[in-house]
Amino acid sequence: MKAIMRSLDNKELERGDSNQLDRLFFQYIQETGLIIDSCHVLKKNVVKLQTEQGPKVLKGFKNKEKLHGQLLLGSILDDRNEKVAASFEPFPTKEWFFHYDGLYWACMPVEEGTPLDFSKRADRLLGLRQIAKFHKETGNLTKDVAPLKLFQLNEKWLRRYNRFQLSLNQAPIQKEFVPLASSVQRWGEWILERINRKFLQHLEVEALNNRSLIHGDVAHHNFLRNKFETVLIDFDLIAYAPLEYDYLQYINRIMPFLKWDLQEVRDIPIPGLKHCLQNPDLYLLLAFPTDFFREWLFLMRTNEQKLNNYLAYARQKFQERERFFIQVQKAYYKRITYN
């Protein structure tokens with residue numbers, strides 16, 4: 001207990017206001033063989049440690065099966081000597097996790113690197129290549145690493161849209177942003193009414209049967225790049241789903257930096273990406289404002305000022321985004337006219 005007591009007594013333990021760690025937790029960590037010098041709470045379930053064995057991150061999982069899936073995925077990729085993703089490691093005692101306060105805690109080394117910067121073209125292209133590499137390396141898994149349940153994108157988006165719609169009259173936003181929110185709400189409604197549900201369900205059933213694995217959260221901060229390699233991190237949202245869904249989300253995230261123009265990605269020879277751009281039922285989905293609904297719902301319950309700041313940013317991009325939405329609309333009406 002000496003190293004643990006030293007870190008506490010010297011106040012090297014950094015805590016968030018709501019993220020309290022106690023001595024019992026440190027006792028559990030000590031029993032894994034890690035010798036702690038200092039500790040910093042990043043989230044309620046994420047703790048960064050400086051240890052005599054090097055910098056580590058502890059992550060807590062409510063769901064034991066989810067942890068097992070991530071441990072298995074990391075083990076498979078490590079066995080293939082493919083460094084496409086950050087993976088967990090056993091504690092010095094050779095145990096892979098311990099249970100404390102309702103969470104299953106696992107350990108990984110700190111990955112050195114910086115997140116991708118989507119304002120830079122090279123980084124945007126690097127992210128696409130890394131997604132394709134992840135899909136390739138997980139394309140023939142023989143063991144299940146994610147829940148065996150059907151991923152239903154339409155239902156997910158519908159739930160998010162309904163929550164947004166219900167919150168419109170409650171949101172603490174400045175009056176000048178009301179027209180923006182109303183326009184985006186209409187865009188979402190228009191697309192949800194025209195989604196080809198049978199087509200998506202076919203893709204989703206096929207993906208589940210084939211065990212096609214997606215990352216599910218291809219945000220810029222989930223890519224870490226250093227001078228040697230780029231890796232994906234944070235696999236909490238991995239699922240068996242159409243690979244196109246990772247590309248749909250990725251395009252949605254980089255489009256503000258492309259001025260809502262797809263020209264940069266049209267000629268990239270990645271099958272899942274090209275399918276999103278060439279299949280009319282998937283192309284329609286590119287205009288769904290899932291990012292706007294996500295940010296709105298998160299910031300509305302956490303930070304009123306940041307919500308209004310985000311809306312100010314979204315308003316600056318409104319004309320570019322509206323132009324893209326109209327382009328998608330025209331493509332849809334042209335298709336149904338000829339059909």
Could you grab the distance from atom SG of Cys39 to atom CG of Leu49, nearest 0.5 Å is fine? 5.0 Å
Measure the spacing between CG of Leu282 and CZ of Phe199 and express it to the nearest 0.5 Å. 4.5 Å
Between Leu192 and Ile326, is there shared hydrophobic-cluster membership here, with clusters defined by ILVMFWY side-chain heavy atoms closer than 4.5 Å? no
Using a 6.0 Å cut-off, check whether atom CD of Gln165 has over 12 heavy atoms from anything other than its own residue. yes
More than 12 heavy atoms of other residues, nucleotides or ligands under 6.0 Å from CD of Glu31: is that the case? yes
When you measure from the side chain of His215 to the backbone N and O of Asn222, does any donor-acceptor pair fall under 3.5 Å? no
Could you give the distance from OG1 (Thr138) to CD1 (Ile214), rounded to the nearest 0.5 Å? 10.5 Å
Report yes or no: does Gln130 contribute a side-chain atom to a donor-acceptor pair with the main-chain N or O of Phe223 at less than 3.5 Å? no
Should Ile173 and Trp296 be marked as a side chain to side chain contact (heavy atoms under 4.5 Å, CB included) after you check the CA-CA gap, both sets of side-chain angles, and the distance that decides it? CA-CA 10 Å; Ile173 65 172; Trp296 172 288; 3.7 Å; yes
In this structure, are over 12 heavy atoms from other groups packed under 6.0 Å from Arg194 atom CZ? yes
As an exercise, state the distance from CH2 of Trp260 to CZ of Arg323, rounded to the nearest 0.5 Å. 11.5 Å
Would you check if the side chain of Thr302 reaches a backbone N or O of Phe298 as a donor-acceptor pair within less than 3.5 Å? yes
Looking at Gly216, is its backbone amide N or carbonyl O close enough to the side chain of Gln249 to form a donor-acceptor pair, meaning the two atoms are under 3.5 Å apart? yes
Are any of the side-chain nitrogens in Asp217 or Arg253 under 4.0 Å away from the carboxylate oxygens of its partner? yes
Verify the cluster assignment for Leu237 and Leu248: are they in a single hydrophobic cluster under the rule of side-chain heavy atoms below 4.5 Å apart? no
Testing Trp190, Phe164, Phe293 one by one against Phe288 for a ring pair (Phe, Tyr, Trp, His ring centres under 6.0 Å), which residue passes? Phe293
Verify, without hydrogens or angle tests, whether Asn279 (side chain) and His275 (backbone) share a donor-acceptor contact under 3.5 angstrom. no
Relative to each other, are the rings of Phe97 and Tyr104 parallel, tilted or perpendicular (30° and 60° limits)? perpendicular
Side chain to side chain donor-acceptor pair (under 3.5 Å) between Asn309 and Gln305, worked out: CA-CA 6 Å; Asn309 290 344; Gln305 183 57 51; 2.9 Å; yes
Would you say that more than 12 heavy atoms from the other residues, nucleotides or ligands in this model lie under 6.0 Å from the NZ of Lys136, or not? no
Could you measure the distance from the CG atom of Leu73 to the CG atom of Asp78? Nearest 0.5 Å is fine. 9.0 Å
Indicate yes or no: does Lys59 engage Asp234 in a salt bridge with an N to O separation below 4.0 Å. yes
Between atom OG of Ser182 and atom CG of Leu168, what is the distance when rounded to the nearest 0.5 Å? 6.5 Å
Less than 3.5 Å apart, any donor N or O on the side chain of Glu206 or Asn210 sitting next to an acceptor on the other? no
Neighbour count >12 (heavy atoms, 6.0 Å) for atom NZ, Lys274: yes
Salt bridge check: are Asp291 and Arg160 linked by an N-O gap of less than 4.0 Å? no
So Phe25 and Tyr100, would you call those rings parallel, tilted or perpendicular, with 30° and 60° as cut-offs? tilted
Check whether the side chains of Gln327 and Tyr283 place a donor and an acceptor atom closer than 3.5 Å, and report yes or no. yes
Over all atoms of both residues, closest heavy-atom pair of Met300 and Pro172: CG-CD, 3.7 Å
Between Glu111 (side chain) and Val231 (backbone), is there a donor-acceptor pair under 3.5 Å? no
Do the side chain of Thr51 and the main chain of Gly54 share a donor and acceptor less than 3.5 angstrom apart? yes
I'd like to know if Tyr333 and Phe324 are part of one continuous hydrophobic network [Ile/Leu/Val/Met/Phe/Trp/Tyr, side-chain heavy atoms within less than 4.5 Å]. yes
Answer with yes or no whether the hydrophobic clustering places Leu116 together with Phe228; edges join I, L, V, M, F, W, Y residues whose side-chain heavy atoms lie under 4.5 Å apart. no
Please verify the inter-ring angle class for Phe257 with Phe118; under 30° counts as parallel, over 60° as perpendicular, anything in between as tilted. perpendicular
Are Tyr247 and His135 close enough that their ring centres sit under 6.0 Å apart? yes
Do Phe325 and Phe318 have ring centroids that are under 6.0 Å from one another? no
I'd like to check Asp144 versus Tyr240 (side-chain heavy atoms, cut-off strictly below 4.5 Å). Are they in contact? yes
